[in-house]
Amino acid sequence: MTGFVLRDARVEDAATTSDIVVEAGRITAVLPAGTPHPPGATDPQGAHETIDCAGRVVLPGFVEAHIHPDKAHLDGLRPPRGATLADAIAVTLDLKREFTHDDVRDRSRRVVESAILNGTTTLRAHPDVDPVAGTLGVEVLVELREQYRDFIDIQIVAFPQEGILRAPGTDKLLRLALAAGADVVGGCAYQEDSVEDCRRHVDLVLDLAAEHGIPADLHADFADDAGDPASPWPSTWPGPPGGGVSGVVSPSAT
């Protein structure tokens, strides 16, 4: 399909309905319903395909900014031993030892297809990168990003779920994940064993982001106060020379 028109659609708070002209995957015109088309645009009255919206609201695609497809649909396999986040992380670590490429791909694919069917057009995935899972989750998401590229934009975060300093070798795995196709370097500083290591974790992540010229996305689940000593944000960190990550650092929460 190279061109189509969404006819009689309601856009935002418009008083009347509109015809939305789409060509080569892009919206080229939004016209009052039934009005003549502009020169060079697909004719709303004679396009190859039209979709009658019958006055329904047309919204932009949804954005899922934080999801872990590699760890989705695990609830039926083995329940956590308790009700805390730490319990959930512990049982997930046990399950990760049994992950296979086909298993991770199947569960991640279900997440991606569900997102598409529910109107999501952009998704930021956080697959684990650690000595247990290796870069398996990133490799699977790179495959799915290509497979579904016509339907959804997938951005991949290399996510050190088990920490960096407390999981030796993770720093090298993060570099391998970026080489494999990850778009963003993630952080999970609260998994470290001390406040000082939390801050070193953040420094490592931001330095890596600056080195590669990519965004950083750090989990900040356990602190919303920069003055809290457990906060992963270094209170005096001035940023890398030249401000290499300015404007591209995102805090996340699970």
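Nearest heavy-atom pair across Ala9 and Val58 is CB-CG2, 3.4 Å. Here the closest non-hydrogen pair linking Thr121 and Gly61 is OG1-CA, 3.4 Å. Shortest non-hydrogen contact noted between Leu165 and Glu192 is N-OE2, 3.1 Å. Between Pro131 and Pro168, the shortest heavy-atom contact is CG-O, 3.5 Å. Annotation for Val140 and Arg105: closest pair CG1-CA, 3.5 Å, computed over non-hydrogen atoms.
Every residue was checked against the side-chain hydrogen bond (donor to acceptor under 3.5 Å, both in side chains) condition with Arg26, not counting sequence neighbours, and none meets it. Val91 is linked by a side-chain contact (heavy atoms from CB on, under 4.5 Å) to Arg78, Pro80, counting only residues two or more places apart in sequence or in another chain. Applying the side-chain hydrogen bond (donor to acceptor under 3.5 Å, both in side chains) criterion to Glu64, with sequence neighbours excluded, gives no partner residue. Every residue two or more places apart in sequence or in another chain that forms a side-chain hydrogen bond (donor to acceptor under 3.5 Å, both in side chains) with Thr84 is listed here: Asp87. Judged as a salt bridge (Lys or Arg N to Asp or Glu O under 4.0 Å), and not counting sequence neighbours, Arg56 has no contacts. Every residue two or more places apart in sequence or in another chain that forms a salt bridge (Lys or Arg N to Asp or Glu O under 4.0 Å) with Asp128 is listed here: Lys71, Lys96. Under the salt bridge (Lys or Arg N to Asp or Glu O under 4.0 Å) criterion, Asp183 pairs with Arg145, not counting sequence neighbours. By the salt bridge (Lys or Arg N to Asp or Glu O under 4.0 Å) test, Asp193 is found to be paired with Arg166, residues two or more places apart in sequence or in another chain being considered. By the side-chain hydrogen bond (donor to acceptor under 3.5 Å, both in side chains) test, Glu12 is found to be paired with no residue, residues two or more places apart in sequence or in another chain being considered.
Between the Thr135 side chain and the Val138 main chain, no donor and acceptor come within less than 3.5 Å of each other. The main-chain N or O of Ala14 is found under 3.5 Å from a side-chain atom of Arg10 such that the two form a donor-acceptor pair. Of the possible donor and acceptor atoms, none in the side chain of Gln155 sits under 3.5 Å from a partner among the backbone N and O of Val184. Using modelled atom types, no side-chain atom of His126 and backbone atom of His68 make a donor-acceptor pair closer than 3.5 Å. The backbone N or O of Cys188 sits nowhere less than 3.5 Å from a side-chain atom of Gln161 that would complete a donor-acceptor pair.
Environment of CG in Leu77: crowded, with over 12 heavy atoms of neighbouring residues, nucleotides or ligands closer than 6.0 Å.
Separation of atoms CG (Leu144) and CG (Asp70) is listed at 11.0 Å; rounding is to 0.5 Å.
For residues 149-158, the set of pairs meeting the salt bridge (Lys or Arg N to Asp or Glu O under 4.0 Å) definition, not counting sequence neighbours, comprises Glu146-Arg149.
By the 4.0 Å N-to-carboxylate-O rule, Asp203 lies too far from Arg200 to be salt-bridged with it.
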Report task. Output, in order, the C-alpha distance, side-chain angles, deciding distance and verdict of side-chain contact (heavy atoms from CB on, under 4.5 Å) for Ile214 and Val185. Result -> CA-CA 7 Å; Ile214 58 175; Val185 58; 4.3 Å; yes
Query raised in the report: Can you check side-chain contact (heavy atoms from CB on, under 4.5 Å) on Ile164 and Leu174, steps first, answer last?
Result: CA-CA 9 Å; Ile164 299 177; Leu174 288 172; 3.9 Å; yes
Query - Working for side-chain contact (heavy atoms from CB on, under 4.5 Å), residues Thr50 and Asp19 - result: CA-CA 10 Å; Thr50 62; Asp19 291 339; over 6 Å; no
**Report entry** Test log, rule side-chain contact (heavy atoms from CB on, under 4.5 Å), inputs Asp106 and Arg110
**Finding:** CA-CA 6 Å; Asp106 178 64; Arg110 289 166 62 189; 4.1 Å; yes
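Through direct or relayed side-chain contacts under 4.5 Å between Ile, Leu, Val, Met, Phe, Trp and Tyr, Val132 connects to Leu93.
Side-chain contact between Arg124 and Val157 is present, with at least one heavy-atom pair separated by less than 4.5 Å. Looking only at side-chain heavy atoms (C-beta outward), Arg7 and Thr17 stay at 4.5 Å or farther from each other.
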Enumerate donor-acceptor pairs with a distance under 3.5 Å from any side-chain N or O in residues 112-119 to protein atoms, sequence neighbours excluded.
unit_1 : atom_1 : unit_2 : atom_2 : d
Glu113 : OE1    : Arg109 : NH1    : 3.4
Glu113 : OE2    : Tyr148 : OH     : 2.5
Asn118 : ND2    : Ser114 : O      : 2.8

